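This structure is a prediction, so every number in the text was calculated from the model and none was measured. Reckoned from all heavy atoms, side chains included, excluding hydrogens, waters and symmetry mates. Here, residue 1 is the first one in the sequence, and each next residue gets the next number.
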Amino acid sequence: MKTTLLKSEDYTRSPWKNGGGIFTDIADAHRADAPAKDWDSLLWRFASTPIVAPGPFSYMPGIDRLQMVVGGHGLVLKSPTQDFDEREPFIPVRFTGEMEIVTALEAGPVEVVNLMARRGAAEIELLALREPGERPLSPGTHLVYAVSGECSIRLNSVDIVIPAGSTLKIELAEASRLGLVSGLAVLGSIQFVG
């Protein structure tokens, strides 16, 4: 097991693929043989971003996406085939990067977290940790993001405090247990396929 504290002041910023906004990049992984870290080499990315005005989402072929509102409320994602209701915070929605999506904001700007992965390379899950309790973690990479205020977790039998806005990156070779002791966090999980 390897743990790394990713501090909020060390996060980087990058433009949305369509240029319509700015991501705060929390953690990502790219193909090791790629000449550059870009959208084509991306294996997975965990990021936060404000959505301040209605508009289209970036076209991301081959990418699976999970998104969750963590600040504000009233977001709806509209596509030609279905709507994704994110009016209430901390409810994840899953969609593909190929979908034509336009945002609707019913109550002003929101802040969201995104977990995305190249289809066929990794499986992803996104979950809000709001109530104290314990859950299993499977082998893979897990990201515990302290959304508002510091949060305290227990990883196996070790207590760890994550400062507000920071993220604990947990890389596991075998199953472990994660417990939320106090605070509010978002858990992103990535398991590589094959």
Side-chain angles (χ1 to χ4, degrees), residues 11 13-29 38-40 42-131 133 135 137-138 140-148 151 165 167 178 180 183-193:
Y11 297 160
R13 310 289 190 275
S14 63
W16 295 358
K17 192 166 184 276
N18 68 7
I22 299 290
F23 279 119
T24 296
D25 298 308
I26 296 171
D28 61 20
D38 58 20
W39 286 103
D40 293 329
L42 183 71
L43 294 174
W44 61 264
R45 169 184 257 170
F46 183 66
S48 68
T49 188
I51 299 175
V52 299
F57 269 24
S58 300
Y59 178 67
M60 297 181 179
I63 301 290
D64 289 327
R65 300 185 63 177
L66 282 165
Q67 181 175 281
M68 178 187 294
V69 172
V70 296
H73 64 279
L75 176 65
V76 179
L77 309 183
K78 296 181 175 287
S79 80
T81 55
Q82 70 182 109
D83 290 351
F84 298 90
D85 187 347
E86 289 190 84
R87 289 181 179 95
E88 294 302 317
F90 303 110
I91 306 296
V93 297
R94 182 183 297 266
F95 53 96
T96 67
E98 293 87 356
M99 292 190 85
E100 293 178 29
I101 288 178
V102 176
T103 57
L105 295 169
E106 297 180 350
V110 297
E111 182 82 19
V112 301
V113 292
N114 288 278
L115 180 58
M116 51 190 83
R118 178 134 338 257
R119 194 169 303 126
E123 297 290 333
I124 53 176
E125 294 295 333
L126 192 62
L127 180 70
L129 303 178
R130 296 190 276 180
E131 300 292 334
R135 71 189 62 256
L137 290 184
S138 55
T141 299
H142 304 273
L143 303 156
V144 183
Y145 172 51
V147 177
S148 60
C151 75
T167 302
L178 172 71
L180 179 69
L184 173 64
V186 172
L187 172 64
S189 297
I190 304 106
Q191 278 84 42
F192 283 103
V193 176

*Asks:* Using a 6.0 Å cut-off, check whether atom CD of Glu106 has over 12 heavy atoms from anything other than its own residue.
*Replies:* yes
*Asks:* Is it the case that atom CD in Glu100 sees more than 12 heavy atoms from other parts of the structure closer than 6.0 Å?
*Replies:* no
*Asks:* To check you understand the geometry: which heavy-atom pair defines the closest contact between Cys151 and Ala185, and what is its length?
*Replies:* SG-CB, 4.0 Å
*Asks:* Side-chain contact, heavy-atom cut-off 4.5 Å: Leu184 with Leu129?
*Replies:* no
*Asks:* Is there a side-chain contact between Trp44 and Leu143 (heavy atoms, below 4.5 Å)?
*Replies:* yes
*Asks:* Minimum heavy-atom separation for Pro89 to His73, with atom names?
*Replies:* CD-CB, 4.2 Å
*Asks:* Salt-bridge test for Arg65 and Glu98: reply yes if a basic N is under 4.0 Å from a carboxylate O, no otherwise.
*Replies:* no
*Asks:* Drop me the distance from Ser58's OG to Met116's CE, to the nearest 0.5 angstrom.
*Replies:* 8.0 Å
*Asks:* Run the numbers on Val147 and Glu111 for side-chain contact (heavy atoms from CB on, under 4.5 Å), then give the verdict.
*Replies:* CA-CA 10 Å; Val147 177; Glu111 182 82 19; over 6 Å; no
*Asks:* Under a 4.5 Å cut-off applied to non-hydrogen side-chain atoms, are Val112 and Val110 in contact?
*Replies:* yes
*Asks:* Once you round to the nearest 0.5 Å, how far does CG of Asp83 lie from NZ of Lys78?
*Replies:* 4.0 Å
*Asks:* Run through Met99, Gln67, Gln82 and flag the one making a side chain to side chain contact (heavy atoms under 4.5 Å, CB included) with Leu77.
*Replies:* Gln67
*Asks:* Kindly indicate whether the side chain of Met60, heavy atoms from C-beta on, has any atom under 4.5 Å from the side chain of Leu42.
*Replies:* no
*Asks:* With no hydrogens and no angle check, is any side-chain donor or acceptor of Tyr11 less than 3.5 Å from a backbone partner on Gly165?
*Replies:* yes
*Asks:* For the pair Thr167 and Val144, evaluate side-chain contact (heavy atoms from CB on, under 4.5 Å) and give the outcome as yes or no after the intermediate values.
*Replies:* CA-CA 5 Å; Thr167 302; Val144 183; 5.7 Å; no
*Asks:* If you measure from CD on Glu86 to CE on Met68, what distance do you get to the nearest 0.5 Å?
*Replies:* 9.0 Å
*Asks:* Tell me which one of Leu115, Ile190, Asp25 satisfies side chain to side chain contact (heavy atoms under 4.5 Å, CB included) with Phe46.
*Replies:* Leu115
*Asks:* Distance-only, no hydrogens or angles: does the Arg119 side chain make a donor-acceptor pair with backbone N or O of Ile63 under 3.5 Å?
*Replies:* yes
*Asks:* Let me confirm one number: the CG-OG distance from Leu126 to Ser189, rounded to the nearest 0.5 Å.
*Replies:* 8.5 Å
*Asks:* Rounded to the nearest 0.5 Å, what separates atom CZ in Phe84 from atom CG in Leu75?
*Replies:* 11.5 Å
*Asks:* Check Phe23 against Ala47 and note the closest heavy-atom contact, atom names and distance.
*Replies:* CD2-CB, 3.7 Å
*Asks:* Between Leu180 and Glu131, does a side-chain contact (heavy atoms from CB on, under 4.5 Å) hold up when you go through it step by step?
*Replies:* CA-CA 7 Å; Leu180 179 69; Glu131 300 292 334; 5.9 Å; no
*Asks:* For Ser138, does its backbone N or O pair with a side-chain atom of His142 as donor and acceptor, under 3.5 Å?
*Replies:* yes
*Asks:* Mark yes when over 12 heavy atoms from residues, nucleotides or ligands other than Gln191 sit less than 6.0 Å from its CD; otherwise mark no.
*Replies:* yes
*Asks:* Are the side chain of Thr49 and the backbone N or O of Ile22 linked by a donor-acceptor pair below 3.5 Å?
*Replies:* yes
*Asks:* Short question: side chain of Ser79, backbone of Ile101 - any donor-acceptor pair under 3.5 Å?
*Replies:* no
*Asks:* Working to the nearest 0.5 Å, report the span between OG of Ser48 and CD1 of Ile26.
*Replies:* 4.5 Å
